[in-house]
Amino acid sequence: MTKGRLEAFSDGVLAIIITIMVLELKVPEGNDWQSLKPLIPKFLAYIFSFLYVGIYWNNHHHLFQTVKKVNGKVLWANLHLLFWLSLMPFATEWIGETHFAKNPVATYGFGLVLCAIAYTILENAIIKSEGESSKLKQAIASRFKENASIVLYVSGIIVSFIYPYIAVALYYTVALLWLIPDRRIEKTLNEN
């Protein structure tokens with residue numbers, strides 16, 4: 001099976017996720033600048049989640065540049081990732097609606113951990129499908145960013161019950177780690 005259908009489906013799902021998140025932003029009832037103030041937490045949550053979905057889309061694109069073909073395991077691993085990402089609008093709405101309260105922030109972090117684990121499972125499924133000499137295996141020999149992300153997410157979840165804003169800062173730190181597309185893949189592709 002070619003990878004084109006998987007990429008097109010994934011792009012569509014990610015576009016829908018972003019659309020759902022933006023539709024949750026409601027127009028203020030008033031017509032002055034002060035009426036926007038209650039929407040600030042929701043807008044910040046939207047920006048934060050848009051950034052995360054964008055990071056996953058960007059890195060997903062780079063990831064699949066290394067893939068020649070896909071099999072059933074890769075398809076299911078990709079669906080697994082898309083499932084966890086599809087819960088992002090729910091978590092985004094909850095943290096925005098509650099002004100980043102502790103339980104919603106912990107739930108948001110839990111979703112981020114599951115997305116990170118699902119992405120790692122997808123990477124492993126691709127490597128298994130492509131073989132030990134795959135370009136992806138060469139590219140991600142060091143998984144420092146992946147491991148650091150999970151550690152920061154788990155730390156954020158733990159901290160969220162005491163200091164939710166510090167937890168959000170930890171989640172944002174992970175986003176900053178991944179904001180630039182993974183250069184390991186580009187470097188490997190350019191060498192071959």
Side-chain angles (χ1 to χ4, degrees), residues 1-21 48-92 107-157 170-192:
M1 177 183 295
T2 63
K3 61 182 179 176
R5 288 192 67 200
L6 179 145
E7 290 174 301
F9 178 75
S10 299
D11 287 349
V13 170
L14 294 173
I16 290 168
I17 290 168
I18 288 172
T19 302
I20 291 169
M21 288 188 313
F48 193 51
S49 294
F50 182 91
L51 181 65
Y52 261 108
V53 173
I55 288 167
Y56 272 102
W57 176 79
N58 203 327
N59 284 303
H60 189 271
H61 169 71
H62 280 84
L63 178 70
F64 275 88
Q65 285 183 336
T66 68
V67 176
K68 294 178 185 165
K69 62 185 181 343
V70 296
N71 61 21
K73 289 182 182 178
V74 173
L75 289 174
W76 281 109
N78 192 67
L79 279 173
H80 179 233
L81 171 63
L82 293 175
F83 171 76
W84 292 115
L85 286 170
S86 73
L87 295 176
M88 188 76 67
F90 167 77
T92 303
T107 301
Y108 192 90
F110 187 67
L112 292 173
V113 167
L114 293 172
C115 287
I117 291 169
Y119 191 85
T120 302
I121 290 170
L122 177 59
E123 287 177 332
N124 292 336
I126 291 169
I127 290 169
K128 192 170 186 178
S129 171
E130 298 273 319
E132 289 299 311
S133 61
S134 72
K135 291 180 183 178
L136 182 59
K137 181 163 181 145
Q138 294 170 26
I140 63 168
S142 166
R143 291 197 175 189
F144 174 77
K145 282 172 70 170
E146 290 90 338
N147 295 331
S149 299
I150 291 174
V151 167
L152 288 169
Y153 288 146
V154 171
S155 299
I157 293 167
L170 291 171
Y171 304 155
Y172 188 71
T173 301
V174 175
L176 292 176
L177 280 174
W178 290 99
L179 196 56
I180 297 172
D182 199 337
R183 298 284 182 226
R184 298 173 297 176
I185 291 174
E186 287 179 1
K187 183 179 176 187
T188 301
L189 289 173
N190 289 334
E191 288 173 357
N192 296 325

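Side chains included, hydrogens not; waters and symmetry mates left out as well; all remaining heavy atoms used. Count residues from 1 along the sequence.
Remark: L176 CG to I55 CD1 distance equals 7.5 Å, nearest 0.5 Å. Note that CG of L179 and CG of L51 are 5.5 Å apart. Values are rounded to the nearest 0.5 Å. Annotation: the span from S134 atom OG to I140 atom CD1 amounts to 7.5 Å, rounded to 0.5 Å. One distance of note links CG of N147 with CG of L152; it measures 11.0 Å at 0.5 Å rounding. Remark: I126 CD1 to K128 NZ distance equals 14.0 Å, nearest 0.5 Å. One distance of note links OH of Y119 with CG of L63; it measures 4.0 Å at 0.5 Å rounding.
Pairing each heavy atom of A118 with each of W84, the nearest pair is CB-CD1, 4.0 Å. Nearest heavy atom pair, residue S10 against residue N78, reads OG-ND2, 2.7 Å. Nearest heavy-atom pair across W178 and S149 is NE1-OG, 2.7 Å.
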**Study point:** Worked check of side chain to side chain contact (heavy atoms under 4.5 Å, CB included) between V154 and V113
**Key:** CA-CA 7 Å; V154 171; V113 167; 4.2 Å; yes

**Study point:** Stepwise side chain to side chain contact (heavy atoms under 4.5 Å, CB included) test for T92 and Y108
**Key:** CA-CA 7 Å; T92 303; Y108 192 90; 3.9 Å; yes

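Side-chain contact check for L14 versus L82: some heavy-atom pair is nearer than 4.5 Å. You'll find the side chain of Y153 stays beyond 4.5 Å of the side chain of L170, heavy atoms only. Considering only heavy atoms from C-beta on, F64 comes within 4.5 Å of L122 through its side chain. Side-chain contact check for M88 versus L112: some heavy-atom pair is nearer than 4.5 Å. For the pair F83/L87, a side-chain contact is recorded, criterion being any heavy-atom separation below 4.5 Å from C-beta on. Between F9 and L6 the shortest side-chain heavy-atom distance does not fall below 4.5 Å. Residues L85 and V13 have side chains not in contact (no heavy-atom distance under 4.5 Å, counting atoms from C-beta outward).
With Y56 contributing its side chain and A116 its backbone, the two residues share a donor-acceptor pair below 3.5 Å. Between the E130 side chain and the K68 main chain, a donor and an acceptor come within less than 3.5 Å of each other. Between the S129 side chain and the A125 main chain, no donor and acceptor come within less than 3.5 Å of each other. Using modelled atom types, one side-chain atom of K145 and one backbone atom of L177 make a donor-acceptor pair closer than 3.5 Å.
Atom CZ of R5 has 12 or fewer neighbouring heavy atoms from other residues, nucleotides or ligands inside a 6.0 Å radius. Within 6.0 Å of atom NZ in K3, more than 12 heavy atoms from other residues, nucleotides or ligands are found, so the atom counts as buried in its surroundings.
For the residue pair W76 / H80, no side-chain donor-acceptor distance below 3.5 Å is found, with atom types taken as modelled.
Under the 4.0 Å criterion applied to side-chain N and carboxylate O atoms, E132 and K137 are assigned as salt-bridge partners.
For the pairing with H62, the side-chain hydrogen bond (donor to acceptor under 3.5 Å, both in side chains) check across T66, N58, N59 returns one residue only, N58.
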